[in-house]
Asker: 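Just passing along the structure, written as structure tokens.
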Amino acid sequence: MQENLAGTSKAIWADGRRALIEWYRVNHRALPWREKPHPYAVWLCEIIMQQTRIEQGLKYWHTFMNTWADVHALASAPLDEVLKAWQGLGYYSRARNLHRAAQTIAFERDGVFPRSATEWKTMPGVGPYTAAAIASICYNEPVAAVDGNVLRVISRYVDIKDPIDRPIGRKQVDTFTAQWIHPKEAGTHNQAVMELGALVCKPKSPLCPECPLESTCINAQPALGTTPIPPIKMGKTKVKTVNLIFNVVTNGTHVWMRKRPAKGIWGGLWEFPTQELSLGSELPEQPPSEAKILPTAIRSRSQWGEPFEHILSHRRLRCRFVVWHIESEPILDQGQWLSWQEAEAKARPRAIDRCWERLEKSCLTLDNL
DNA sequence: AAACCGGGGCG
DNA sequence: CGCCCAGGTTT
């Protein structure tokens, strides 16, 4: 593959690069951080957009920019408020790392952003892709930003036969892009490859006839709807099924909630006390025994919510909540009483939010208890 | 090298 | 229902 970069093919890749950048200037989507790239806006955007579609992340980016206009404001905000603004986006460690990096930049670097990709990589939450993206977009440092789009586009373009989700295929993409990156317009070039992947070189049914790289692409398809072409991928880790019972303990005005530990799934978010049922067991038809969850409750009564499913990338959650109306304070391991209004203001996982919606629908919150 | 870590959208 | 998304961190 490296030898393809030498000799005659080198001129071909250069032609493709020129055509690609020209295509980008005409066809790129207008995104707010593209007009005048500022490190804060670009960094924030890159963190939010990790494993996230632009359309989904865009409103979060606006919320963050409007709420915390610069790195000092973000660094001074309570982490809980940052997590609340992040609620619903997923991968919550991104929010915690974003906040930590903001504090480093604001308090230890006096507000001075890193400049090189190498320097950016020392920030929590900033890996090889994000560091290259920021350094190239903001400073035109000639480093290749390789994301999911780039892996797909390049593996097709230079016909990589090894799985790109394994080190062997990944290395070949890195080797090519490192030499292909435009020396003077790295930011435009990187964004052009990604934009091409999003708009033209799509995972299924790529639009080869519209592609600026068609004439130099080894895998270009003559017509639409033809045989799928690389990337070759190995694989998907198996999804495990877990049964969860969310215990909504309330005395009418307040609800018992607890904050999850900072690391692990849904780190730092608030939840109802949750029981994980043993693997393979069915979701029970009857509420769990009162003694197990509310050892000291007096005169409680319970109501089932209807079962629902919540899908994560690596888990299939079969969920059900049970509402415990109690008249005395429960003794639980951790957590605290929150008014429904206070609880509403806490950052919650989507699965807990699903319970919330159903509780509201059954008029169980606030008024109608 | 593989697992973990969310949530949404689309064919 | 499987696949993918402007990936990084931990084991």
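Every chain is numbered from 1 and lettered A, B, ... according to where its sequence line falls, protein lines coming before strand lines.
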Asker: Measuring from the side chain of A/Leu31 (C-beta onward, heavy atoms only), which nucleotide among C/dG8, C/dA6, B/dC5 has the closest atom?
Answerer: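 So the side chain of A/Leu31 is nearest to C/dA6.
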
Asker: Could you check how far OH of A/Tyr91 sits from C1' of B/dC4, rounded to whole Å?
Answerer: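 Distance check: A/Tyr91 OH to B/dC4 C1' gives 8 Å.
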
Asker: Could you check how far CD of A/Gln50 sits from P of C/dG7, rounded to whole Å?
Answerer: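 Rounded to the whole Å, the gap is 7 Å.
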
Asker: Using the C1' atom as the reference point in each nucleotide, state the distance between C/dC3 and B/dG6 in Å, no decimals.
Answerer: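 That atom pair is separated by 15 Å.
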
Asker: Suppose you measure atom C1' in B/dC5 against the same atom in C/dC4; what distance do you get, rounded to whole Å?
Answerer: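 Per the computed distance, 16 Å lies between those C1' atoms.
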
Asker: Distance between the P atoms of C/dA6 and B/dG11, in whole angstroms?
Answerer: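 Between the two P atoms, the distance is 14 Å.
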
Asker: If you assign A/Met123 and A/Glu46 each to the DNA chain C nucleotide with the nearest heavy atom, which residue ends up on the more 5' nucleotide?
Answerer: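 This one resolves to A/Glu46.
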
Asker: Where the side chain of A/His314 is defined as all heavy atoms beyond and including C-beta, which of C/dG7, B/dC5, C/dC4 is the nearest nucleotide?
Answerer: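 Output: B/dC5.
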
Asker: Does B/dG7 have its OP1 or OP2 closer than 4.0 Å to a side-chain nitrogen or oxygen of A/Tyr92?
Answerer: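 For B/dG7, OP1 or OP2 has a side-chain N or O of A/Tyr92 closer than 4.0 Å.
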
Asker: Work out how far the P atom of B/dG8 is from that of C/dT9, and round it to whole angstrom.
Answerer: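 Taking atom P in both B/dG8 and C/dT9, they lie 24 Å apart.
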
Asker: Confirm from the modelled atom types if A/Ser313 and B/dG6 form a donor-acceptor pair under 3.5 Å, side chain to base only.
Answerer: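 Present.
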
Asker: Looking at A/Arg17 and A/Asp15, does any basic side-chain N land under 4.0 Å from a carboxylate oxygen?
Answerer: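 A salt bridge is absent here (no side-chain N lies under 4.0 Å from a carboxylate O).
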
Asker: Picking from C/dG7, C/dA6, B/dG6, which would you name as closest to the side chain of A/Trp266?
Answerer: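 Taking heavy atoms from C-beta onward, the closest nucleotide is B/dG6.
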
Asker: Hey, which of these two, A/Ile311 or A/Pro167, hits DNA chain B nearer its 5' end, going by closest nucleotide?
Answerer: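 Its nucleotide being nearer the 5' end, the pick is A/Pro167.
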
Asker: Would you mind classifying the nucleic acid contact of A/Ser93 as base, sugar-phosphate or nothing, using non-hydrogen atoms under 4.0 angstrom?
Answerer: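 A/Ser93: no heavy atom of the nucleic acid under 4.0 Å.
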
Asker: Would you mind telling me which of C/dC5, C/dA6, B/dG7 lies closest to the side-chain atoms of A/Gln56?
Answerer: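 So the side chain of A/Gln56 is nearest to B/dG7.
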
Asker: Measure the distance from CG on A/Leu98 to P on C/dT9 and round it to the nearest whole Å.
Answerer: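 It works out to 12 Å between those atoms.
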
Asker: Would you mind checking if A/Asp353 and A/Arg350 are paired as a salt bridge, meaning a charged N to carboxylate O distance below 4.0 Å?
Answerer: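 Yes, this pair counts.
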
Asker: Which residue, A/Lys204 or A/Val126, contacts DNA chain C at a nucleotide closer to its 5' end, judged by nearest heavy atom?
Answerer: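 This one resolves to A/Lys204.
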
Asker: Choosing from C/dA6, B/dC5, B/dC4, which nucleotide comes nearest the side chain of A/Ile265?
Answerer: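 Closest nucleotide to the A/Ile265 side chain: B/dC5.
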
Asker: Give me the distance, rounded to whole Å, that separates B/dG9 from C/dG8 when you measure between the C1' atoms they each carry.
Answerer: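 Between the two C1' atoms, the distance is 23 Å.
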
Asker: Any base atoms under 4.0 Å from A/Leu89, or only sugar-phosphate, or nothing? Heavy atoms, all strands.
Answerer: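 Contact class for A/Leu89: base.
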
Asker: Decide, yes or no, whether a salt bridge links A/Glu185 with A/Arg25 under the criterion of side-chain N to carboxylate O below 4.0 Å.
Answerer: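 Looking at A/Glu185 and A/Arg25, the cut-off is met.
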
Asker: How close or far is atom C1' of B/dC10 from atom NZ of A/Lys202, stated in whole angstroms?
Answerer: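 In whole Å, B/dC10 C1' lies 11 Å from A/Lys202 NZ.
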
Asker: Quick check: does any side chain N or O of A/Lys84 sit under 3.5 Å from a backbone N or O of A/Lys346, one acting as donor and the other as acceptor?
Answerer: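 At least one qualifying donor-acceptor pair exists.
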
Asker: Tell me whether the side-chain N/O atoms of A/Arg166 come closer than 4.0 Å to OP1 or OP2 in B/dA2.
Answerer: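 Yes, such a contact exists.
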
Asker: Is there a side-chain polar atom (N or O) of A/Arg53 under 4.0 Å from OP1 or OP2 of C/dC4?
Answerer: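 No, because none of the side-chain N or O atoms of A/Arg53 sits under 4.0 Å from OP1 or OP2 of C/dC4.
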
Asker: Sequence neighbours left out, cut at 3.5 Å: what donor-acceptor pairs do the side chains of residues 121-133 of chain A make with other protein atoms?
Answerer:
residue  : atom : partner  : partner atom : Å
A/Thr122 : OG1  : A/Glu119 : O            : 2.7
A/Tyr129 : OH   : A/Glu46  : OE1          : 2.8
A/Thr130 : OG1  : A/Gln50  : NE2          : 3.0

